[in-house]
Peer 1: 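Please find one structure pasted underneath; my questions will follow.
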Amino acid sequence: MTSDILIIGGGVIGLACAVELKLRGAGVTVLCRNFSDAASHAAAGMLAPDAEKISNGAMLSLCWRSRFLYPRWTRKLEDLTGLNTGYWPCGILAPVYQEAGEQGAGGRSKDKDVSQSSTYWLDKAAIEQYQPGLGADVIGGWWYPEDGQVDNRALVKVLRTAAESLGVEFKDGVTVDAIAQQQGKVIGVQTNLGLLHASHYVLAAGAWANQLLPLPVIPRKGQMLSLRVPESVPELPLTRVLYGENIYIVPRRNRSIVLGATSEDVGFTADNTPDGIQSLLQAAIRLYPQLANYPIQEMWWGFRPSTADELPILGNSHCDNLTLATGHFRNGILLAPVTAELIADLIWEKKADPLLANFHYSRFQAQSSTTTSMLTHSANFTNRHGNLQPTDLTIQDSSLIIAGKTFQSRLMTGTGKYRSIAEMQQSVAASGCQIVTVAVRRVQTKAPGHEGLAEALDWNKIWMLPNTAGCQTAEEAIRVARLGREMAKLLGQEDNNFVKLEVIPDAKYLLPDPIGTLQAAEQLVKEGFAVLPYINADPMLAKRLEEVGCATVMPLAAPIGSGQGLKTTANIQIIIENANIPVVVDAGIGAPSEASEAMELGADALLINSAIALAQNAPAMAYAMNLAAVAGRMAYLAGRMPMKNYASASSPLTGTIT
Ligand code: GLY
């Protein structure tokens, strides 16, 4: 069998991709083992990026984008099939109990939410009026009007019908045993029907993905049940989803009420358990007491495909002709339309949406590089003393990963302030850097040294980091970031969504504006940028920026171009201690000793421009900084000796003849 595209997995993600690819003109075959196993069959169908409190910025953008697509997408499917998906933009109410306070089930600060998205706090009187019959100890709740639900079982039926009517071929009851690969390509999938071939493959196998590839996807079991509104209650008692503590209650228009879900790390252990069902019923009855007398309709369980960071794995794989669309964890139903769109763009139009970089499988391959690779970038320079041979070093390091993209060098440089283009080229080479930051505005205005930049560096090897230098407000920086993305595209970096965010209102001290930076970062993350904000060394700001989804934080060591060295050590240390994203020390480093010191503190990377460009011999200084970054990193990994108050002889006295 040969088909254009073979999709492994017949759940909502596989089906949504099949329909989208078929609509674009591909020949599509779907391999489906047993649909009733799929998490999409077990789900409740909530479309709930707000109620689920998704905090990763890129994930939130992905979820919001998918929720936005839902009405158009379901309408298209309904038009194709004449069937109903049960899409219902009914909003979600998250009641809060006394003991949890207002930060409870919704878990949010009132001020933050009200200003950022359509989220409203309802006090006890308001929530009682809006949804009568809630438990007596509910003190109020959050109202998420843009969240909603779809009848997931109806949806997958509609998707399958749509796919069949469009001519997608289905092979049911097919078990895939292996993905056969040769020389970086998939050559077929081994199944109980034999080897099946296609020109391209999509892995959408949900919780079972890691039986075929070493992806960190594990099952997270959810038990669920449904009740039926009794005939004695003529009107639907609930017309919006209730999202409580350890429970959600999803009322369907067909009078079924879905209750979910446990979250259990028990592998693929089947069955409902008394404990699981009891906990759901207890929480549901507390939230909405009259459910205690409703008839139980059905009980079931399913396995969410959870990943190590609970984000999906989307996009290219290690094989040219294999695309990954798995690991959607709690949000597979919600993310189906956006996944289908991004995956079809990627396969069929060869267009990688910038958001995809955040969900690339390589983010889990942190153990891939060693010291050897850290030092290879200095290979252009002869080491006359021969004392830096990496071969006998055994220390293991991870690569630097920013927004899913892997870099071996931990030193970033810039293009400004050099005396000539040639000097800049030599310095970039000597620095061994893989990321060079470029001021978008200076390129636009063809400032000296910024003409001919497209030709000056090999952009196949160097990743451009457009920066918003010269922007005084958040609005300006957002505009310039968008131009930066276009600039990267012109250099052939189609998937480059990086931006070094600088919002600097004052020209004298060149200190960044924390509020403008946070505002711009939030917006740019929503637009799918990987944001690397330049900040004062403020630990609280660093945390806030991480929370809104920035890819790194870039605290300053000292004012830009001052060469004063590490003036903010204590704060940088706190930032490093608390960050879950790379910390790049930026600005102020003047000498290799300072570069090394920053790395010894545990910084993940450095950005150094002036200290290289303004050195008397810039390429030599670039090389020195290269070595310093490596030395500092090695020292950090090696672990320095503890400091002591008094001397301690180098040659121990034990065993000496007295
Ligand atoms: N989306 C809700 C859950 O996974 O339980």
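One-based numbering, in listed order, for ligands and for the atoms of each.
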Peer 1: Near ligand 1, which protein residues have a heavy atom under 4.0 Å away?
Peer 2: Met46, Glu52, Tyr248, Ala261, Arg304, Arg330
Peer 1: Taking the six-membered ring for Trp, are Trp208 and Phe268 parallel (under 30°), tilted (30 to 60°) or perpendicular (over 60°)?
Peer 2: parallel
Peer 1: Name the atoms and distances for all side-chain donor-acceptor pairs under 3.5 Å in residues 225-239, with sequence neighbours left out.
Peer 2:
unit_1: Ser226; atom_1: OG; unit_2: Gln297; atom_2: NE2; d: 3.1

Peer 1: Are Tyr87 and Trp73 close enough that their ring centers fall under 6.0 Å?
Peer 2: no
Peer 1: Between the side chains of Gln190 and Asp177, does any donor sit under 3.5 Å from an acceptor?
Peer 2: no
Peer 1: Report the C-alpha separation of His328 and Leu314 in whole Å, then their side-chain angles, then the decisive distance to 0.1 Å, and conclude whether the side chain to side chain contact (heavy atoms under 4.5 Å, CB included) test is met.
Peer 2: CA-CA 9 Å; His328 290 74; Leu314 303 175; 3.7 Å; yes
Peer 1: Name the residue from Tyr144, Tyr243, Trp64 that meets the side chain to side chain donor-acceptor pair (under 3.5 Å) definition with Asp50.
Peer 2: Trp64
